[in-house]
Structure formats: structure tokens, C-alpha cells
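The structure appears right after this line, and notes come after that.
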Amino acid sequence: MSATRAGSDTSDWAADEAVTRLYAAHYRSLVRLAALLLRDAAAAEEVVQDAFVAMHGAWRRLEDPDRALAYLRQSVVNRSRSALRRRTVALRHAPLAAPDVASAEHGALVALEHAEVLAALRTLPVRQREVLVLRYYVDLSEADIAEAIGISRGAVKSHSSRGMAALRTTLERTS
Amino acid sequence: MTHHDNDSLAARLRAALNAEADMVHPSDDGMQNIRSRTARGRAWWQHPAVLAAAAAVVLGLLVGGGAALFGGGDDAGTVAAGPTTSAPGQATSTDSPSPSPTAPATTSSTEPTESASGEQPVYVYFVQDDPDSGPRLYREEHIVAAGPPSAALAVQEMLSEPPIDPDYSSPWPTRTRLTGYQVIGDTARVDLSGFPAVGAQAEAVAVQQLVYTVTANDKAVRRVRLLVDGTAPASGHADWSRPVARAPMVDVQALVWLLAPSQDEVVPPKVRISGYGTAFEGTVSWEVRRVGATGVVADGFAQAGANGEFDEFQDAVTLEPGEYDIRAFESSAEDGRPLHVDSKTFTVR
């Protein structure tokens with residue numbers, strides 16, 4: 001529709017439209033992805049909003065919803081990693097404590113199980129963690145994970161298998 | 001990646017990540033924040049109708065209840081109605097189908113339960129009388145039968161269903177029905193069969209309840225044109241013939257507002273507390289009591305927004321199984337008494 005309009009605004013409109021569409025379809029899942037990487041929901045929203053603003057600015061180069069989504073994902077992973085690096089001990093929101101075994105014995109086995117798995121995940125190096133989150137939360141293909149993190153497909157494979165092996169070891173030790 | 005599903009570790013990881021992700025609920029001002037930063041000197045809602053109409057097609061604002069949707073403005077043309085309408089050039093990536101007609105609340109492919117079960121969450125605002133600041137809007141997430149547009153479903157829910165939290169209420173007459181919902185440009189036209197017969201302040205809050213509910217579920221809508229039986233509502237207080245935008249949050253929205261635990265929720269012993277609000281120096285207090293008891297079993301502080309800025313606050317507490325009441329509030333800077341209290345009853349399993 002906007003393509004029929006003449007003038008320099010056309011590209012702005014297309015960029016705005018892309019933001020609208022990608023926001024509707026992916027904002028929440030991107031925030032959740034960032035939250036899994038960052039463990040901070042508020043910071044996750046900032047990261048994703050930054051990514052959208054950057055995507056809007058890069059629209060002339062992207063001009064394609066699929067590439068824009070790939071760009072957003074890449075941007076969210078990179079920004080989450082930088083935010084993690086910057087983050088000092090003083091978190092804006094205090095991190096959740098380690099799973100409370102005593103109270104979990106009252107029956108919250110599922111919650112305990114999740115907490116254990118997530119705690120083990122957090123002990124992994126950042127790349128391994130990113131690969132596993134993108135694979136098992138976002139359900140990305142190897143190729144898309146490689147693109148999102150900016151590594152080769154071979155590296156995705158090895159981070160994935162090493163990460164899973166380390167997870168298995170940690171979980172066997174704690175259970 | 002189904003070949004991984006046989007792997008029990010993969011299944012455990014997937015379940016844990018999804019459970020953790022499900023606890024993250026983005027606030028509903030994300031689009032506003034992004035737009036304000038990409039607008040580059042022109043307010044984005046001042047776009048010609050053509051863009052907003054395009055966005056309306058993209059978001060598939062299609063009316064399930066029988067009302068027809070049409071395009072507005074000289075350039076907009078006619079927007080096709082029908083559940084199969086999709087955006088041109090829709091995404092074909094692996095992780096998500098296409099811009100879904102149900103807006104951000106429901107589109108993630110990582111939440112198969114929502115689409116598979118034919119249900120979706122909508123945001124519905126209700127009113128609670130805050131003794132310290134008057135009637136205020138509080139948002140609840142309601143699960144409804146799926147079907148675009150979300151905003152119409154949300155309005156229907158607002159009119160026909162009681163709030164989950166018994167402290168909340170709705171000033172709309174109980175028999176009010178939604179008879180039409182159309183989006184033209186950035187304006188939603190909402191046709192209703194009734195209008196509250198209340199005082200001026202309550203009426204203004206009721207209209208904002210409607211506007212907040214519509215705009216929370218449809219990011220492309222900035223204003224609501226309200227029609228009652230086809231004409232502007234007959235009000236003794238104000239002229240509602242013009243489209244109404246959201247009033248500033250600080251004027252109408254709850255100042256302290258608990259998101260989790262939600263009313264009647266059953267939660268694990270590690271209870272996540274979250275909410276939204278603004279308070280003096282950003283400090284929101286919370287207190288947990290056993291239902292029926294007076295003694296506080298746990299309390300704490302969390303950081304929300306300050307100086308009229310709203311922000312999410314978060315905290316956590318571990319509790320033994322049982323039934324609890326939680327209250328979140330701002331402590332008065334003068335005498336420490338609780339202001340703007342929001343409360344929920346929940347169960348620890």
C-alpha cells in the first residue's frame with residue numbers, strides 16, 4: 001500500500017510497518033529469549049526495544065521481514081551478552097535465590113526440577129548457554145543459531161554437545 | 001527439532017526454559033517506547049491513515065462477531081475481511097508462522113498450548129476505588145476463546161465477565177453488549193448497547209477503562225470512538241463524540257498493581273512477586289499474611305518507578321504450603337501508612 005506513495009517517506013513507512021508486524025509477532029518471544037539469557041525481565045525489555053529501534057534504522061538495508069527477524073534475533077543475543085558483561089554484582093532486580101530444597105520437598109517437584117535444570121544451565125559458558133537457549137527455547141535450526149550468534153554451524157554443534165554433556169554431568173551430581 | 005525430543009535431558013531443558021520464559025510478561029508500553037524513538041520528529045500516530053490501515057491489515061484486525069471491517073481514508077482502499085487474510089510477504093522463518101492476527105499476547109510459537117487449545121489471553125482493565133487517589137484502572141489477563149481481533153474479545157470480556165479479583169469492579173451496565181468493532185486508521189470504532197449511568201468521574205474512568213482495554217490488545221489503535229446504539233453516548237457530564245485517547249497513566253492507572261501472584265493462583269513454594277507501579281522513591285512494599293490471620297509472615301520492598309514514571313517491580317519469597325493474602329502498596333512518606341493497596345489471595349501448593 002505504501003509503495004504507491006511517492007516521496008522519501010516511503011521507506012519510513014515500510015520501516016514502521018515492519019516494526020509493527022515484527023512487534024506483533026515476535027516482541028514477547030524475543031523479550032523472553034532475552035530474559036532467559038539475562039535473568040532480568042526489565043533489562044530484557046530494554047534490550048529488545050533497542051534491537052527494534054536498531055532494526056528500524058537498518059530497514060533500508062534489510063527490506064525483508066525474514067532478514068529483519070534474523071537481524072532482531074542477532075541483535076538481541078549480542079545485546080544480551082553485552083548487558084551481561086556490563087552487569088555488576090548490584091543487579092537492578094535481585095536474582096532469584098538457589099532452589100530451596102527444604103521447602104520444595106513439600107511437593108513442588110516440578111518447580112524444583114526446573115530450578116535445578118536452569119541453575120545447571122547458568123554454570124555453562126556463555127556461548128554454550130546461548131546455543132542451548134536458542135535451540136530448546138526458540139527452536140531454531142542449526143543454521144539460524146549460527147547466524148544469531150555469529151559463529152559457524154560446526155561451532156553450534158560442538159557448543160551444543162559440550163553444553164548438553166556438561167548439563168548432564170551437573171544434574172547427575174546434584175540429584 | 002523433533003529428533004531431540006527423545007532425549008530426556010533435552011525434554012527437561014525445554015520444559016524448564018519454557019516454564020521460566022512463561023513467567024516473563026512484557027509490559028504493554030513496549031511499542032510506545034519503540035515508536036517514540038523511531039518517530040524522528042514526527043509523532044507516529046500522525047501518520048496518514050494509509051499506514052495505519054496497512055497495519056490493520058497486517059495485524060488482521062478482522063471482526064469475528066459479524067461486523068464488517070472497512071478501510072478508511074482516501075488511499076486505504078477496502079480491507080478484506082475473513083480469517084484467512086494474511087500479510088503479503090509474511091515471514092516464513094522456522095520459528096514462527098506469520099504476523100498473527102492475535103497480536104503480541106498470543107503469537108509466540110513457543111506457546112503451543114494457546115493456539116492448540118483455541119484459547120488466548122486478553123488484557124482487560126477493571127476499576128478499583130483507591131481511597132487515596134480515587135477510582136483507578138487495574139489490568140487482568142483473561143483467557144478467552146481465540147478469534148481475532150483480540151481487542152474486540154477483550155471488550156466483550158470486559159462487558160460480560162466479572163473481574164477475577166473480587167476487589168475490582170466494572171462500572172459498565174451488566175447487559176451492555178459489543179455490537180460492532182472496526183478499526184479505521186489508528187481509531188477503533190466501538191459500538192455498544194449501553195453506557196454507565198454514573199457520576200462524571202466514574203464515567204470518565206469507565207471510558208478510559210474501555211480505551212485502555214482496546215489499546216492494550218491492539219497496538220495499532222491509539223484512539224477509540226465510542227458509539228452507543230449508533231450515536232455518541234448520552235452523557236450528562238461530557239461530550240464523547242470525539243475519539244478518545246488514553247489519558248496519562250498517572251491520572252487513571254493503578255499506582256500500585258500486583259501482577260503475580262494473581263488472584264486465586266496456585267503457586268510453588270518459591271513465590272514470585274511482581275507488579276507495576278509508581279511510588280515515592282520507587283519503593284513498593286509488600287506483605288504476606290495467612291488467610292484469616294493478622295500476623296505478617298513475610299514482607300519486603302521492591303523497586304518500581306518513581307516521580308510518576310511507571311515500572312515493573314519484582315521480588316520473591318519462599319512460603320510453606322497454605323493460603324495467603326498478599327498486599328502491595330506505597331508506604332506514606334508522612335506516616336508510613338499503606339497507600340494505593342492492591343491485594344491478591346493465592347495458594348502455595
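Each chain gets a letter, A, B and so on, in the order its sequence line appears, and its residues count up from 1.
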> What residue in A:L36, A:L167, A:V31, A:D64 has the most heavy-atom pairs under 4.5 Å with chain B?
Replying inline: A:L36
> Side chain, backbone, both or neither: which part of B:S27 has a heavy atom under 4.5 Å from chain A?
Replying inline: both
> Where do B:L17 and A:L132 come nearest, in terms of heavy atoms and distance?
Replying inline: CD1-O, 4.1 Å
> So which heavy atom on B:P26 is nearest to which on A:Y27, and how close?
Replying inline: CB-CE2, 3.6 Å
>> I need the B:I34 CD1 to A:Q49 CD distance, nearest 0.5 Å.
In response: 5.0 Å
> Which atom pair, heavy atoms only, marks the closest approach of A:R135 to B:R14?
Replying inline: O-NH1, 4.5 Å
>> Please report the interatomic distance CZ(A:F52) to CE(B:M31), rounded to the nearest 0.5 Å.
In response: 8.0 Å
> Which value, rounded to the nearest 0.5 Å, describes the distance between A:R28 atom CZ and B:H25 atom NE2?
Replying inline: 6.5 Å
> If you count heavy-atom pairs under 4.5 Å between each of B:A302, B:A19, B:A15 and chain A, which one has the most?
Replying inline: B:A15
> Where is the tightest heavy-atom contact between A:D16 and B:R35, given as atom of each residue plus distance?
Replying inline: O-NH2, 2.8 Å
> What are the two closest heavy atoms between B:V24 and A:A35, and how far apart are they?
Replying inline: CG2-CB, 3.6 Å
> Where is the tightest heavy-atom contact between A:Y136 and B:A10, given as atom of each residue plus distance?
Replying inline: CE2-CB, 3.5 Å
> Should A:R122 and B:E20 count as an ion pair when the cut-off is N to O under 4.0 Å?
Replying inline: yes
